[in-house]
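In each ligand, atom 1 is the first atom listed, and ligand 1 is the first ligand listed.
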Amino acid sequence: MSIQWFPGHMAKAKREIQANLSLVDVVIELRDARLPESSSNPLLSELLQQKTRVLALTKADLADPVETRRFCTYYQSIGMDAVIPVNIRKNVGLKSLKLACEQAMADKFERLAKRGIRKRAVRAMVVGIPNVGKSSLINAMAARSVAKTGDRPGVTQSQQWIKLAGSIELLDTPGLLWPKFEDQAAALRLAWSGAIKSDLLQPVDLALAFLIFVNAHYPEALRLRYGVEPFSGASEEQQALAALEQIGMRRGAMRRGGQVDAELAAQMLLRDYQTGLLGLMTLEKVPDVEGQRQL
Ligand SMILES: Nc1nc2c(ncn2[C@@H]2O[C@H](COP(=O)(O)OP(=O)(O)OP(=O)(O)O)[C@@H](O)[C@H]2O)c(=O)[nH]1
């Protein structure tokens with residue numbers, strides 16, 4: 001991620017989303033299925049007010065399916081209009097997402113029809129933090145679109161509406177939200193997922209924290225890919241470091257002279273996770289009742 005989020009940029013992003021919101025019926029909010037809470041932005045709830053909100057959990061092909069189901073149930077239970085796991089690269093879930101947008105608006109349009117107002121296409125926009133899949137989703141949906149409608153501009157002149165098959169019009173520019181840098185646990189997960197570069201930790205420390213997490217929640221993954229046995233007890237950091245050494249040797253991350261290049265090993269480990277080679281893993285749990293946040 002190359003964007004630096006200074007307060008001025010955040011204010012601008014907020015203004016842009018606000019302006020676009022006034023044009024749409026439905027907001028398609030993208031969150032990473034591997035970290036749906038950490039990849040959200042609380043500002044959105046504040047901005048959305050009464051708008052219909054459909055949540056797409058992207059990169060579901062990389063997430064633990066059991067946890068994804070739990071998150072779907074959870075978000076529906078706290079009032080999200082629809083929650084759809086998607087794999088944008090493989091076009092999985094996109095049809096359901098489109099249907100969810102139409103269904104979410106069906107009642108409203110019916111009410112309007114009773115008042116003699118003609119049914120029109122549902123207007124939607126995509127929002128989310130960097131790297132969550134916004135452009136991929138718009139492109140995937142547009143690829144099967146009937147036509148681009150150029151007659152009705154968006155807020156800025158370069159914006160257009162993409163007319164999708166059926167009766168949805170999608171704004172072709174997504175709304176960009178900033179990630180949760182201030183929450184350190186969230187920032188860590190975002191960095192593991194590849195959404196942000198961590199300013200807090202060096203690659204090796206980032207990888208060690210990741211190894212401790214994986215060892216606690218998905219120990220089999222380390223055994224299967226690198227032959228690293230689960231570790232426990234005190235000196236977890238030391239053991240994680242030993243595991244990283246082993247991973248470095250397995251993956252050929254060596255310096256001249258035969259020593260493991262820990263930084264390279266760290267990068268390879270995280271890359272393996274980000275590309276799914278480490279298996280399907282979700283980095284956080286559904287919030288418990290106490291920790292339950294608003295949408
Ligand atoms: N495995 C997998 N990868 C995905 C999926 N959706 C997007 N990606 C990948 O995630 C990366 C980021 O996707 P983009 O569509 O560029 O994300 P964005 O939100 O537009 O990113 P910004 O332009 O930084 O705001 C790309 O490498 C995509 O191929 C998905 O459902 N599964």
Heavy-atom distances under 4.0 Å decide this one: backbone, side chain, both or neither, for V86 against ligand 1? backbone
Which atom pairs, donor and acceptor, lie under 3.5 Å between side-chain atoms of residues 213-224 and protein residues at least two apart or in another chain?
unit_1	atom_1	unit_2	atom_2	d
N215	OD1	F231	N	2.9
N215	ND2	F231	O	2.7
Y218	OH	D64	OD2	2.8
Y218	OH	T282	N	3.2
E220	OE2	R223	NE	2.9
E220	OE2	R223	NH2	2.9
R223	NH1	E229	OE1	2.6

Close N or O approach (P130, ligand 1; < 3.5 Å): no
Report, in ascending order of atom number, the atoms of ligand 1 lying under 4.0 Å from any heavy atom of L176. 25 (O)
Would one find an N or O of T58, backbone or side chain, under 3.5 Å from an N or O of ligand 1? no
Minimum non-hydrogen distance to atom 14 (P) of ligand 1, winning option of S136, A195, A33: S136
Counting from 1, what ligand 1 atoms have a heavy atom of N87 closer than 4.0 Å? 30 (C), 31 (O), 32 (N)
One finds that the ligand 1 atoms under 4.0 Å from a non-hydrogen atom of S135 are 15 (O), 18 (P), 20 (O)
For I88, take its heavy atoms, then give the atoms of ligand 1 lying under 4.0 Å from any of them. 6 (N), 30 (C), 31 (O)
Distance-only N or O hit between ligand 1 and A60, under 3.5 Å: no
When you measure from the centre of the six-membered ring of Y75, is the NZ or CZ of R31 closer than 6.0 Å and no more than 45° off the axis? yes
E182 atom CD, neighbour heavy-atom count above 12 within 6.0 Å: yes
Residue pair S193 / Q274, side-chain donor-acceptor N/O under 3.5 Å: no
Please name the residue in the list V127, N41, I17 that meets the side-chain contact (heavy atoms from CB on, under 4.5 Å) test with L47. I17
Heavy-atom donor-acceptor pair, D61 side chain to N87 backbone, under 3.5 Å: no
Shortest non-hydrogen contact between G248 and V260, atoms and distance: CA-CG1, 3.9 Å
